[in-house]
Structures are given as C-alpha cells and as structure tokens.
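Computed from heavy atoms alone, side chains included, the values below leave out hydrogens, waters and symmetry copies.
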Amino acid sequence: MRIETEKGSFTFHCLSAGYFIGSKGWAYPRDKSGSYRLIYMLRGEMTLQEGLSAYQLAPGDLLLLSDDLSRSGMTPSGEKISFYWADFVLSDPDPFGLTVSCKVRPENDRALILFKQLLAMKENYPEEAGDYAAMLLAVETAAVQKSTMVRSPKILREITEWIRRQITTPITAADVGRQFSYNPDYLTYLFKEYFGIGLKEYINEQKIKKAEEYLKTTDSPVKEIAALLGFKNANQFIKYFTYHEGVSPAHYRGQYNQTM
C-alpha cells in the first residue's frame, strides 16, 4: 500500500509473518534477503550473521534485518527455540525512523502484542489489514530503537571501555559491531551523536593517543611500538601515524623531547 505523509509518500507491504518453533540443533538457514525481516525472540538463544555483523538473540530481543544483505546461522541452537518473524518491503525506512540491522530489547510487551495482532490479521482479514498491522509493528520498532538510543550512553561506555582495553590489537568498526551485536553503521551514528565523530574515527583517535603516549613516555624503538599497537610492521605504523598526525613518529618524539 502507498502512504502519504508530510515527509512524502512511501510504499509498505507485509509479505509474510509467522511463529517459528525449532528443535535443539536448529540453525538459521542461509537467506539471500530481498526484504526486511523483523524477529522477536521468545525462547532459547539463536545466533546469526548478516553481512559482517553477528547477532546473538535471547528471549525478549527484537532484531530488524536489512533487505540487501545475506543471512545465515552461526551455531546450532543448544535447546528448543521459538520466535515471531515478519517480512516486509518498504520503499524508504526514513519516515518511520527505522534503523536497519539493529538489535534492541523492548522494555514492555507492545511488540509482542503487535506480533500476535499481525498474525491474526494476516489469517482472518484482507491483505490491507495485515499491512497496517505490520506497519504498526514497524512504528513500534522505531520507537524502541529511539528509546534505546536515549539510553545509549551506557552502551557507549561499555564500547569505549572495550576499545580502550583492545586498542593494542588491530580492531576495526566491524570487530566492535560483532563484539556487541550491533551494525557498525548504527554504532557510527551513535558515536557521531555523542562524540561528534564516527566509530572508525574514534578507534583511530584512541590508537593515536596510545601511540603518542608510548612515544612520549618510553624510549622504545618505533618498531617495538608498532608491535605493541598491533601493526604488522614498523612501516605500516609510520604511514598510519604520519597520515593522522602530519609528522612521522620519530619527528613527533623529537618535537616532544625538545619541549621538555
């Protein structure tokens, strides 16, 4: 169906929805996508990968998957699992305020109620009724995502602390996304909201700060500092440092020593 709003028009259609029960040892099948998928976990735990992002779902988790990334299970379930799911096509997620490839945990049971209503509508009413029910579910998902963003300083504190502990390893935005089961693009959005820079830039900033600390407080050779920071070799570290600071590590150390 086509919806007209102040922000413009968009199309929305719920392709299918259901309630799934899987036995012990079940794994999420490989899926080429083509539509958005919303999953509400009811029982057990499920792990799946979408693109470069990995998710571990527990009861109460609500996950919105992208319409253009492949998905597949990572490990078989260790127990019986169950979840609600809904597939829909949407010409533009912006009017809803939806964040794609995002896992959240609702603080109430509205999403659960809306899933039940959606299944009833799909089974007993015309197609348009199912679309409206699914659209209400999408709106509720966007509201939960927004609420999660408001509470996100706690999430960001956990992430920044993890980055601080891991900064001597070659971590990337994708690594952070996998560690915390969030899409890297979504984390970049949160970092820009609260720190003014993206996730990749934040990691680079912290690595440079650590490099500066080593250069200023130790006599360690550049080659050794490169190894301490997780670089393959000294040349890679020198290029990285020079690109971000405008001077080589040796020049930076020399300038610092001259001011002492």
Side-chain angles (χ1 to χ4, degrees), residues 30 47-57 63 65-66 68-75 99-103 148-149 151-260:
R30 182 171 294 278
T47 59
L48 63 88
Q49 182 170 351
E50 181 195 50
L52 296 177
S53 299
Y55 302 96
Q56 182 169 354
L57 302 182
L63 173 65
L65 295 170
S66 172
D68 60 359
L69 295 174
S70 61
R71 316 154 187 160
S72 62
M74 297 178 66
T75 57
T99 300
V100 181
S101 299
C102 176
K103 184 185 80 169
T148 299
M149 189 181 73
R151 303 192 308 270
S152 64
K154 179 181 178 182
I155 297 172
L156 294 182
R157 285 197 297 271
E158 294 175 355
I159 293 175
T160 54
E161 175 59 20
W162 185 82
I163 290 174
R164 186 189 66 80
R165 295 196 308 267
Q166 301 294 324
I167 202 63
T168 56
T169 64
I171 58 173
T172 65
D175 293 329
V176 178
R178 282 190 291 268
Q179 177 68 23
F180 291 90
S181 296
Y182 280 95
N183 182 275
D185 291 339
Y186 178 63
L187 292 180
T188 290
Y189 170 78
L190 292 183
F191 269 72
K192 286 183 177 179
E193 281 288 305
Y194 287 93
F195 299 125
I197 57 175
L199 176 55
K200 179 180 178 181
E201 290 74 21
Y202 182 86
I203 293 172
N204 287 333
E205 181 179 87
Q206 298 307 305
K207 192 171 284 288
I208 288 295
K209 285 182 178 179
K210 195 65 176 178
E212 291 175 346
E213 178 184 332
Y214 283 139
L215 291 168
K216 291 186 294 187
T217 61
T218 75
D219 294 323
S220 301
V222 170
K223 181 179 180 180
E224 185 175 320
I225 293 176
L228 288 172
L229 291 171
F231 289 91
K232 294 180 180 179
N233 52 57
N235 286 337
Q236 185 186 47
F237 169 60
I238 292 171
K239 289 180 181 179
Y240 178 91
F241 190 94
T242 303
Y243 175 82
H244 289 284
E245 289 297 277
V247 296
S248 69
H251 192 176
Y252 178 88
R253 174 178 271 169
Q255 288 180 323
Y256 178 78
N257 290 335
Q258 288 175 6
T259 62
M260 295 299 291

A.B. asks: Might you point out which heavy atoms bring Ile163 and Ile171 nearest each other, and give the distance in Å?
C.D. replies: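 Minimum heavy-atom separation between Ile163 and Ile171: CG2-CD1, 4.0 Å.
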A.B. asks: Just one of Leu156, Val176, Ile197, Ile203 clears the side-chain contact (heavy atoms from CB on, under 4.5 Å) bar with Phe191, so which one?
C.D. replies: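 With Phe191 as partner, side-chain contact (heavy atoms from CB on, under 4.5 Å) holds for just one option, Leu156.
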A.B. asks: With Asp175, which residues qualify under salt bridge (charged side-chain N to carboxylate O under 4.0 Å, His left out), at least two apart?
C.D. replies: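 Asp175: salt bridge (charged side-chain N to carboxylate O under 4.0 Å, His left out) contacts with Arg178.
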A.B. asks: Considering all heavy atoms of both residues, which atom of Leu229 and which atom of Ala211 are nearest to each other, and what is their separation?
C.D. replies: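 Looks like CD1-CB, 3.5 Å.
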A.B. asks: How about Asp219: does its CG atom have over 12 heavy atoms from other parts shown lying under 6.0 Å from it?
C.D. replies: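 Not buried by this count: 12 neighbours or fewer within 6.0 Å.
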A.B. asks: How many angstroms lie between atom CD1 of Ile208 and atom OH of Tyr243, to the nearest 0.5 angstrom?
C.D. replies: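 Output value for this atom pair is 11.0 Å.
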A.B. asks: Would you call Ile238 and Pro249 a side-chain contact if the rule is heavy atoms closer than 4.5 Å?
C.D. replies: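 Yes; the side chains approach each other to less than 4.5 Å.
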A.B. asks: If every non-hydrogen atom of Thr242 is compared with every non-hydrogen atom of Ser248, which pair is closest and at what distance?
C.D. replies: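 Answer, listing the atom of Thr242 first, then Ser248: OG1-CA, 3.4 Å.
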A.B. asks: Give, for atom CG of Leu199 and atom CG of Asp185, the distance between the pair rounded to the nearest 0.5 Å.
C.D. replies: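 One gets 10.0 Å once the value is rounded to the nearest 0.5 Å.
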A.B. asks: For Ser220 and Ile225, indicate whether the former's side chain and the latter's backbone hold a donor-acceptor pair under 3.5 Å.
C.D. replies: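 Such a contact is absent between Ser220 side chain and Ile225 backbone.
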A.B. asks: Against the six-membered ring of Tyr214, is Lys210 placed for a cation-pi contact (under 6.0 Å from the centre, within 45° of the normal)?
C.D. replies: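 Yes, cation above the ring, under 6.0 Å and within 45°.
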A.B. asks: So, taking the atom named CD in Gln179 and the one named CD1 in Ile159, what distance separates them when rounded to the nearest 0.5 Å?
C.D. replies: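 Taking CD in Gln179 and CD1 in Ile159, the distance rounds to 9.5 Å.
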A.B. asks: Taking all non-hydrogen atoms of both residues, which atom of Ala234 and which atom of Ala226 are closest, and how far apart?
C.D. replies: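 Answer, listing the atom of Ala234 first, then Ala226: CA-CB, 3.9 Å.
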A.B. asks: Write down the atom of Ser66, the atom of Ser101, and the distance for their closest heavy-atom approach.
C.D. replies: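 Taking Ser66 first and Ser101 second, the nearest heavy atoms are CB-OG, 3.6 Å.
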A.B. asks: For a 4.5 angstrom cut-off between non-hydrogen side-chain atoms, does Lys154 reach Glu158?
C.D. replies: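 Result yes, sub-4.5 Å side-chain heavy-atom pair found.
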A.B. asks: For Tyr186, does the six-membered ring have the charged nitrogen or CZ of Lys103 within the cation-pi criterion, i.e. under 6.0 angstrom from the centroid and within 45° of the normal?
C.D. replies: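 The answer is no; the distance or angle limit is not met.
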A.B. asks: Test Glu205 against Glu201 for side-chain contact (heavy atoms from CB on, under 4.5 Å), laying out the working first.
C.D. replies: CA-CA 6 Å; Glu205 181 179 87; Glu201 290 74 21; over 6 Å; no
A.B. asks: What's the spacing between Ile167 CD1 and Asn204 CG if we round to 0.5 Å?
C.D. replies: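 Nearest 0.5 Å value for the CD1-CG distance: 8.5 Å.
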A.B. asks: Taking the basic N atoms (NZ, or NE/NH1/NH2) and the acidic carboxylate oxygens, is any pair closer than 4.0 Å for Glu161 and Arg164?
C.D. replies: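 So Glu161 pairs with Arg164 through a salt bridge.
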A.B. asks: On a heavy-atom basis, which atom in Thr218 and which in Arg253 lie closest, and how many Å separate them?
C.D. replies: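 What the structure gives for the nearest pair is O-NH2, 3.1 Å.
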A.B. asks: Can you establish whether the number of heavy atoms outside Arg30 located under 6.0 Å from its atom CZ is more than 12?
C.D. replies: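 It does not: Arg30 CZ has 12 such atoms or fewer within range.
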A.B. asks: Can you tell me if NZ on Lys223 sees more than 12 non-hydrogen neighbours from other groups inside 6.0 Å?
C.D. replies: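 At most 12 heavy atoms, drawn from other residues, nucleotides or ligands, come within 6.0 Å of this atom.
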A.B. asks: Any chance you could lay out the side-chain contact (heavy atoms from CB on, under 4.5 Å) test for Ile155 and Phe180, step after step, and finish with the verdict?
C.D. replies: CA-CA 9 Å; Ile155 297 172; Phe180 291 90; 5.7 Å; no
A.B. asks: Roughly how far, to the nearest 0.5 Å, is the OG1 atom of Thr75 from the CD atom of Gln56?
C.D. replies: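 If we round to the nearest 0.5 Å, Gln56:CD and Thr75:OG1 are 7.5 Å apart.
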A.B. asks: Show your reasoning for whether side-chain contact (heavy atoms from CB on, under 4.5 Å) applies to Lys207 and Phe231.
C.D. replies: CA-CA 11 Å; Lys207 192 171 284 288; Phe231 289 91; 3.7 Å; yes
A.B. asks: Anything under 30° is parallel, anything over 60° is perpendicular, the rest tilted; go ahead and classify Phe241 against Tyr252.
C.D. replies: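 Perpendicular: the ring planes of Phe241 and Tyr252 meet at over 60°.
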A.B. asks: From Thr217 OG1 over to Glu212 CD, what is the distance, rounded to the nearest 0.5 angstrom?
C.D. replies: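 One gets 11.0 Å once the value is rounded to the nearest 0.5 Å.
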